[in-house]
Amino acid sequence: MDTDERVELATRNTAEVVTEEELRELFEDDDPSVYIGYAPTGEMHIGHFTTIRKLADFLHAGMDVTVLIADLHAHLDDAKSPFDLLAARSAYYEETIRAMVEAAGADPEQITFVRGRDFELDSEYTLELLRMTAETTIARAQRAASEVVRESDSPNLGGLVYPLMQTLDVDALDADVAYGGIDQRGIYMLSREILPEHGGEAPTCVFAPLLSGLTGGKMSASEESSKVSLTDDPDSVAEKIGDAYCPMGEVEGNGVLEYVRYLVFPILEERDEAFVVERPEEYGGNLTYDSYGDLEDDFVSEELHPQDLKNAAGEYIADIVDPIRERLESQPDLLAEAYPEKYD
RNA sequence: CCGCCCUUAGCUCAGACUGGUAGAGCAGUCGACUGUAGAUCGACUUGUCCCCCGUUCAAAUCGGGGAGGGCGGACCA
């Protein structure tokens with residue numbers, strides 16, 4: 001695979017790359033390393049899935065992929081995860097991520113999994129962190145983390161240390177590329193700015209788009225109807241997609257279309273399958289799409305009606321999510337121990 | 001260590017001074033209209049009023065105690 005192809009693979013379906021020139025150089029030099037961190041807080045959902053799906057692209061592009069289970073971050077961010085549950089939630093996240101990687105058609109064994117506390121408590125790391133706290137203003141740290149850390153009238157210190165630790169993680173994990181949702185942009189721009197002053201190198205950044213909520217607006221992790229959960233059975237998936245905000249011909253803020261674009265098509269492509277819309281004869285009969293672009297064109301021209309799109313999308317999404325749900329159901333302790341208040 | 005403020009529906013809060021077993025907005029649910037959803041109409045639902053004790057015929061409301069959260073002061077050899 002030549003550099004152009006590798007760069008194309010690594011950058012497709014992203015919200016932003018900082019910078020593509022840097023990425024190209026990395027590919028020309030060697031096999032770059034990339035990492036993404038997940039703080040094990042609430043239950044994982046389809047939004048996580050799209051970022052994880054992309055790990056398959058990185059692997060195919062020959063990159064070294066590391067997934068950080070950022071356990072300490074999960075507590076630092078307004079104690080989103082109680083300290084006592086960090087281990088259980090980390091175990092649940094790792095297993096679920098492995099299942100998603102597999103569902104995306106890649107091999108989880110090719111990915112290195114790391115826990116935050118495995119290295120974030122090392123004395124060198126801690127020492128550098130303390131230096132950073134002395135050299136970073138509260139306002140700067142707050143601004144960097146504002147899209148990630150929970151907002152509050154009386155913020156805790158943890159939320160300020162959070163972006164600094166994430167910056168040090170890049171270096172500790174020896175990552176050339178920092179990958180994450182576009183909400184992480186503020187933090188990694190801080191990293192690019194200060195990491196060189198603290199013994200590291202400015203990371204190249206790849207950002208995934210954040211999916212719109214199914215009810216319109218931003219996806220809310222706490223609002224069930226705004227997202228598909230990994231524990232949703234096919235009926236629930238169909239119902240949520242059916243109830244989704246999906247104006248005819250409109251692409252902007254259309255969660256259904258985004259799911260199809262960022263999750264369904266890449267996976268179908270991996271399986272070498274086409275996207276088939278079953279449509280009643282009275283509306284023109286079935287439609288087949290080999291690429292998302294063709295589907296979007298038909299949707300914009302209103303050749304493809306939202307109801308027909310929803311029917312098809314619901315089935316494909318349910319089909320993709322199903323093996324993950326089954327895997328979680330086969331290990332009930334995972335969820336029960338991670339979220340005891342919900343699954344007693 | 002001291003003082004002050006806050007805690008009421010899923011969320012933001014009103015009600016407390018002048019006791020009579022609770023309200024608004026948003027959210028949610030259900031219909032109508034659309035070949036989806038949304039928007040728009042129409043209808044509807046929602047509560048250990050933080051906990052305990054006391055006063056009272058009657059306590060979200062008054063008194064005492066406690067818990068959690070916030071703010072400030074004091075101490076600074």
Side-chain angles (χ1 to χ4, degrees), chain A residues 41-43 45-47 50 75-85 138-139 142 146-147 149-160 210-229 231-265 275-289 292 294-321 339-344:
Chain A
T41 54
E43 285 185 59
H45 50 72
I46 197 157
T50 61
H75 190 66
L76 280 172
D77 182 3
D78 199 36
K80 277 181 183 170
S81 283
F83 201 72
D84 291 344
L85 290 178
I138 290 175
Q142 210 159 30
S146 63
E147 292 295 313
V149 169
R150 182 173 285 164
E151 305 260 4
S152 163
D153 288 338
S154 40
N156 286 26
L157 285 179
L160 299 175
L210 296 187
L211 300 183
S212 299
L214 289 177
T215 49
K218 286 185 183 175
M219 178 193 294
S220 161
S222 53
E223 221 183 302
E224 261 318 306
S225 60
S226 87
K227 63 178 204 291
V228 166
S229 299
T231 46
D232 285 340
D233 60 32
D235 286 344
S236 321
V237 173
E239 192 180 329
K240 285 182 182 178
I241 298 295
D243 288 346
Y245 170 79
C246 186
M248 172 132 60
E250 204 171 303
V251 178
E252 189 84 7
N254 191 323
V256 179
L257 226 37
E258 292 175 13
Y259 283 22
V260 168
R261 176 177 187 179
Y262 295 111
L263 191 66
V264 177
F265 263 98
F275 187 96
V276 178
V277 176
E278 289 181 18
R279 186 167 66 171
E281 281 306 325
E282 70 171 304
Y283 297 124
N286 294 2
L287 294 162
T288 300
Y289 298 102
Y292 169 76
D294 294 344
L295 182 148
E296 188 182 291
D297 289 346
D298 268 7
F299 189 77
V300 168
S301 72
E302 303 186 2
E303 163 65 20
L304 176 58
H305 189 279
Q307 181 67 75
D308 298 317
L309 169 69
K310 282 181 171 183
N311 293 343
E315 280 195 39
Y316 280 110
I317 293 162
D319 188 53
I320 289 167
V321 167
Y339 305 96
E341 69 290 346
K342 179 174 172 192
Y343 302 88
D344 30 53

message: For the P atoms, the ones on B:U21 and on B:A60, what distance do you get once it is rounded to whole angstrom?
response: 9 Å

- request: Report yes if the side chains of A:M219 and A:L210 come closer than 4.5 Å at any heavy-atom pair, otherwise no.
  value: no

field: Interatomic distance at P, B:U55 relative to B:A74, whole Å
entry: 42 Å

- prompt: Between B:G38 atom P and A:H305 atom NE2, what is the distance in whole Å?
  reply: 14 Å

query: For the pair made of NZ in A:K310 and P in B:U36, what is the distance, rounded to whole Å?
result: 9 Å

query: Between A:Y289 and A:F275, how do the two ring planes meet: parallel, tilted or perpendicular, split at 30° and 60°?
result: tilted

task: Rounded to whole angstrom, note down the P distance from B:C1 over to B:G20.
output: 39 Å

Along RNA chain B (nearest heavy atom to each residue), the more 5'-positioned of A:N156 and A:N311: A:N311

- prompt: Please give, in whole Å, the distance from B:U29 P to A:D243 CG?
  reply: 8 Å

- request: Could you give the distance separating B:G3 and B:G64 at their P atoms, to the nearest angstrom?
  value: 13 Å

Rounded distance (Å) that lies between atom P of B:A39 and atom CD of A:E250: 13 Å

field: Any donor-acceptor pair under 3.5 Å from A:D78 side chain to A:V149 backbone
entry: no

query: Considering only B:C71, B:U36, B:G38, which nucleotide approaches the side chain of A:S154 most closely?
result: B:C71

- request: Would you mind reading off the distance between A:E302 atom CD and B:U34 atom C1', rounded to a whole angstrom?
  value: 14 Å

- prompt: So do A:I317 and A:I46 actually touch side chain to side chain, heavy atoms under 4.5 Å?
  reply: yes

- request: Rounded to the nearest angstrom, tell me the gap between atom CG in A:N254 and atom C1' in B:A37.
  value: 9 Å

- prompt: Rounding to the closest angstrom, what is the interatomic distance between B:U8 and B:C62 at atom P?
  reply: 16 Å

query: What's the verdict on side-chain contact (heavy atoms from CB on, under 4.5 Å) for A:Y316 and A:V276, showing C-alpha distance, side-chain angles and the deciding distance?
result: CA-CA 9 Å; A:Y316 280 110; A:V276 178; 3.8 Å; yes

message: Show me the dot-bracket string of RNA chain B, counting Watson-Crick or G-U pairs under 3.5 Å, with | for pairs to another strand and [ ] for crossing ones.
response: ((((((((.[[[[.)....(..]]]].(((((.......))))).....[[[[[..)....]]]]])))))))....

query: Within the structure shown, what part of the strands sits under 4.0 Å from A:G216 by heavy-atom distance: base, sugar-phosphate, or nothing?
result: nothing

query: Could you give the CD-to-P distance, from A:E239 to B:A37, as a whole number of Å?
result: 12 Å

- prompt: Contact class for A:D308 (heavy atom, under 4.0 Å): base, sugar-phosphate, or nothing?
  reply: base

message: Let's see if you can work this out: which of B:G38, B:G35, B:U36 has an atom nearest to the side-chain heavy atoms of A:Y283?
response: B:G35

query: What is the distance from atom CD1 of A:I320 to atom CG of A:L263, rounded to the nearest 0.5 Å?
result: 4.5 Å

message: Could you check whether A:E43 pairs with A:K227 (Lys NZ or Arg NE/NH1/NH2 to Asp/Glu carboxylate O, under 4.0 Å)?
response: no

query: Starting at the 5' end of RNA chain B, which residue's closest nucleotide do you reach first, A:S225 or A:L214?
result: A:S225

task: Grab the CZ-P distance between A:F299 and B:A37 for me, whole Å please.
output: 13 Å

query: Is there a donor in the side chain of A:E258 and an acceptor in the side chain of A:N254, or the other way round, less than 3.5 Å apart?
result: no

